[in-house]
Amino acid sequence: MREIARRLLGEEKARRVWKRIDVVGDIAIMKMPIHGEISIEEMQLLAEEVLRALPSVNSVWLAGGPVEGRFKTRKSLIHLAGERRTETVYREHGCEFKVDIARVFITPRLSFEHLRIARLVEPGEVVVNMFAGVGIFSILIARKSRAALVYSIDVNPEAYRLMVENVRINRVEDRVIPILGDAASVVSSRLQGVGTRVLMPLPDLSLDYIPYALRALRGEGWIHVYLHLSHEKRKSHLEKAEKLVDEMVRKEGWRIVESKSREVRSVGPRLVQVVVDALVSR
Ligand SMILES: C[S@@+](CC[C@H](N)C(=O)[O-])C[C@H]1O[C@@H](n2cnc3c(N)ncnc32)[C@H](O)[C@@H]1O
């Protein structure tokens, strides 16, 4: 992006443009420049150039801020160039996902993590994905492992609708069960003691929902807890993440048998997403 911006707007303004853009299917999403000193008209110029430079992109949008709200969606999207469309087909690790960048959570920056988790799943496992979005973790698990079943929960009706379609498109109807609802209520009412592994890919709620994740397990199993923490020297944020999960697990009368953690991605200035993989036992 910087190179394009340098050519069209000059060195000074180019420094305010974010280096990277997210490409989801055939839609490119640019981020609002730092300090907002570039006009929408100038962003449109850049977007037209993105369309020319990336032949697979047909639509360019500007995201006014981070994802927000209960459904973690992009609220302030401004159309910059190309087709005025927010639906697209996103491809990851050989699977196809229908998405809508305005109405559901979607980022290409979890791609490595999706596959990493799918590769951990052992034959015959039953997985509960508490915050499934359009079903990327769930469907990749079904396609890349020999899991017996994946319960795939989301509270956003649009994410649920797309998840149902994605399950069909990727032909995993026999192994992925989409469920619309709040993960805590769904686990309490119908998924107690069913699972060997629980995914919690929603940092806002993951610690608070650990009691429900434990309830979904058969007495022992893996939980994958995603958190946002400020980046600290010597990776002490990873230790902190494991400690937070440990405290919550103990509070419920369970214990951690084995745990490890890793940085998933950067999510803001000095803020990182971390995942704790913990084998827990009652
Ligand atoms: C960060 S997104 C999940 C992303 C998805 N796992 C992926 O990799 O693309 C979090 C999701 O949790 C859903 N959500 C929020 N609160 C929830 C709740 N109480 N129960 C179930 N799903 C919830 C949101 O609608 C959103 O789709």
Side-chain angles (χ1 to χ4, degrees), residues 95 97 105 110 113-157 159-168 170-227 245-246 248-260 275-282:
C95 295
F97 303 95
F105 176 91
L110 283 174
E113 184 61 12
H114 290 146
L115 192 60
R116 185 186 76 88
I117 294 288
R119 287 187 170 152
L120 294 176
V121 177
E122 309 257 356
E125 281 203 41
V126 175
V127 181
V128 177
N129 184 357
M130 292 177 89
F131 310 112
V134 298
I136 304 184
F137 273 117
S138 308
I139 291 167
L140 284 175
I141 288 171
R143 292 297 297 253
K144 307 279 176 196
S145 81
R146 287 165 53 208
L149 213 51
V150 186
Y151 293 102
S152 192
I153 310 166
D154 204 281
V155 78
N156 175 357
Y160 169 78
R161 187 186 68 76
L162 288 164
M163 182 174 14
V164 170
E165 271 203 63
N166 291 330
V167 163
R168 186 183 46 76
N170 292 285
R171 296 196 204 93
V172 287
E173 296 99 319
D174 56 335
R175 275 160 296 149
V176 178
I177 304 183
I179 303 173
L180 174 64
D182 162 56
S185 324
V186 171
V187 167
S188 304
S189 64
R190 52 184 282 205
L191 298 182
Q192 296 214 35
V194 298
T196 56
R197 187 180 295 273
V198 180
L199 317 188
M200 313 183 76
L202 175 57
D204 291 4
L205 281 188
S206 59
L207 281 179
D208 290 344
Y209 273 41
I210 282 181
Y212 303 100
L214 299 177
R215 244 171 258 174
L217 289 174
R218 287 176 193 164
E220 179 165 303
W222 286 92
I223 55 174
H224 302 281
V225 188
Y226 293 79
L227 299 169
V245 173
D246 184 53
M248 208 59 199
V249 168
R250 279 166 189 266
K251 226 163 111 185
E252 293 302 302
W254 287 55
R255 68 186 173 91
I256 293 191
V257 179
E258 182 187 333
S259 119
K260 46 189 180 300
V275 60
V276 178
D277 302 335
L279 175 62
V280 294
S281 181
R282 184 156 48 203

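Position 1 is the first residue of the sequence; numbering continues from there.
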Sole residue of I179, I223, L191 in side-chain contact (heavy atoms from CB on, under 4.5 Å) with V128: L191
query: From L120 CG over to R197 CZ, what is the distance, rounded to the nearest 0.5 angstrom?
result: 5.5 Å
task: With rounding to the nearest 0.5 Å, note down the distance linking OH in Y226 to CE in M130.
output: 13.5 Å
message: Donor-acceptor check, side chain of R175 to backbone of A148, threshold 3.5 angstrom: yes or no?
response: no
- request: Please check if the side chain of N166 supplies one atom and the backbone of G135 the other of a donor-acceptor pair under 3.5 Å.
  value: no
query: Between S138 and N129, what is the shortest heavy-atom contact and its length?
result: OG-ND2, 3.0 Å
- prompt: Hey, does the side chain of T196 reach the backbone of V126 with a donor-acceptor pair shorter than 3.5 angstrom?
  reply: yes
Contacts of D182 that satisfy salt bridge (Lys or Arg N to Asp or Glu O under 4.0 Å) - sequence neighbours left out: none
task: Answer whether the closest heavy-atom distance between the side chains of E125 and I141 falls below 4.5 Å.
output: no
message: Once rounded to the nearest 0.5 Å, what's the spacing between atom CG of N170 and atom CZ of F97?
response: 5.5 Å
query: Shortest non-hydrogen contact from V176 to A142?
result: CG2-CB, 3.6 Å
task: Give the ring-plane orientation class for H114 versus F137, where under 30° counts as parallel, over 60° as perpendicular and anything between as tilted.
output: perpendicular
- line: The reported gap from CZ in F105 to CG in D154 (rounded to nearest 0.5 angstrom) is 11.0 Å
query: For the side chain of E113 and the backbone of L110, is there at least one donor-acceptor N/O pair under 3.5 Å apart?
result: no
Exercise: identify the closest heavy-atom pair between G133 and M163: O-CE, 3.6 Å
query: Which residues satisfy the side chain to side chain contact (heavy atoms under 4.5 Å, CB included) test with L205, sequence neighbours excluded?
result: F131, L202, Y209
message: If I take atom CD1 from residue I117 and atom CD1 from residue I136, how far apart are they, to the nearest 0.5 angstrom?
response: 14.0 Å
task: Quick one: pull up CZ in R282 and CD in E252 and give me the separation to the nearest 0.5 Å.
output: 11.5 Å
message: Taking CZ in R218 as the centre, count heavy atoms belonging to other residues, nucleotides or ligands within less than 6.0 Å. Is the count above 12?
response: yes
